[in-house]
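Below you'll find the structure, written out as structure tokens, and then a few comments.
Every number for a ligand or one of its atoms is a count from 1 in the order of the listing.
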Amino acid sequence: MKTTKVTIHTLRQMKERGEKIAMLTAYDATFARLLDEAGADVLLVGDSLGMVVQGHDTTLPVTLDEIAYHCRAVGRGARRAHVVGDMPFMSYQASHEQGVSNAGKLMKDGACHAVKLEGGAVHAELVQKLVNAGIPVMGHIGLTPQSYHQLGGFKVQGRDVGGRERLLSDARTLEEAGVYSIVLEAIPADIARDITAAVAVPTIGIGAGTGCDGQVLVSYDMLGLDETFKPRFVRRYETMGQRIKDAVQHYVADVRAGAFPSDAESFSIAENKATPTAMDNPYSSAGKK
Ligand code: KIV
């Protein structure tokens, strides 16, 4: 059956119809396939990969080539979902020329469907240039992790005097510049609701309450891969970290006890002769159960 792909137009229609958008981060083909098959509308190859995949404390060290590499993998796993590549720190901040050229490189090398970049009105001109070049852009305002040092850490944004107006104005300016969607990260829920009502493009919240047009979470966080990390805005739908450790402990015990592999999980000369096709390929799932 032919799969109808999610596009920037699908997302706009979803907002118009009042249908919520479910977005998650993905970094490899296997996770992309699972998240896509489970119904995620948008897969973001976020620079959060610097933290959850590479083990850094911030997203700052991630490079454009790394994002492109992970985008290619995610693209191979996704069938229906819209795939967005995150523009990493200093891949677009120095000049518009640099931003356009790097976004184009990410679309070509990463084969993603759109790019995301952090920041408000300050990037409006760049957004216009990208859209004119045929590159769909997702905006990202509120807590922008690439400005970690400028912000003085990971902090809820928009609570200060003028914060609400600044965020509203950033969202409107980005919309005018041509973004097709805006991520609202770590801002008070009532401000996110007002922004969502003020713009025609879908807003995707993370730590921004229920009034957004959609939600995004880092997949590793919602699956509970890191048992030590549980910020307030994350809902854990699984305890995969613990479950993986349990499974591995079981495996280690089996190996040590000589209980793995069993005869059924091994190959024999006689069996190979009897059923050559199933057993010729050791990776076939058609082998003996
Ligand atoms: O890098 C990322 O994963 C993100 C999301 C948290 C929105 O930017």
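Using 4.0 Å as the threshold, E118 has no heavy atom nearer than that to any atom of ligand 1.
Residue D47 has at least one N or O atom closer than 3.5 Å to an N or O atom of ligand 1. Checked by distance only, ligand 1 and K116 come closer than 3.5 Å through their nitrogen or oxygen atoms. Note: an N/O pair closer than 3.5 Å links D86 and ligand 1 by distance alone.
Each of the atoms 3 (O) of ligand 1 lies under 4.0 Å from some heavy atom of T25. Here is the list of ligand 1 atoms found below 4.0 Å of a heavy atom in G46: 1 (O), 2 (C), 3 (O). The ligand atoms of ligand 1 that sit less than 4.0 angstrom from a heavy atom of H140 are 8 (O). Atoms of ligand 1 found under 4.0 Å from any heavy atom of L44, numbered from 1 in the order shown, are 2 (C), 3 (O), 4 (C), 5 (C), 7 (C), 8 (O).
Y69 is linked by a ring pair (Phe, Tyr, Trp, His ring centres under 6.0 Å) to nothing, counting only residues two or more places apart in sequence or in another chain. Every residue was checked against the salt bridge (Lys or Arg N to Asp or Glu O under 4.0 Å) condition with D57, not counting sequence neighbours, and none meets it.
In terms of modelled atom types and a separation under 3.5 Å, the side chain of H140 and the main chain of E118 share no donor-acceptor contact. Of the possible donor and acceptor atoms, none in the side chain of Q215 sits under 3.5 Å from a partner among the backbone N and O of K20.
With a 4.0 Å heavy-atom cut-off, ligand 1 is reached by no atom of I204. If you look at I206 next to ligand 1, the close heavy atoms, those under 4.0 Å, all belong to the side chain.
Linking Ile, Leu, Val, Met, Phe, Trp and Tyr whenever their side-chain heavy atoms come within less than 4.5 Å leaves V156 and I141 in two separate clusters.
A salt bridge links K15 to D213: one of the charged nitrogens lies within less than 4.0 Å of a carboxylate oxygen.
Around NE2 of H250, the count of heavy atoms belonging to other residues, nucleotides or ligands within 6.0 Å does not exceed 12.
Summarising the geometry of I21 relative to P202, their closest heavy-atom pair is CD1-CB, 3.6 Å, with the distance given to 0.1 Å.
Of the candidates A26, S48, G142, S219, S48 brings a heavy atom nearest to atom 3 (O) of ligand 1.
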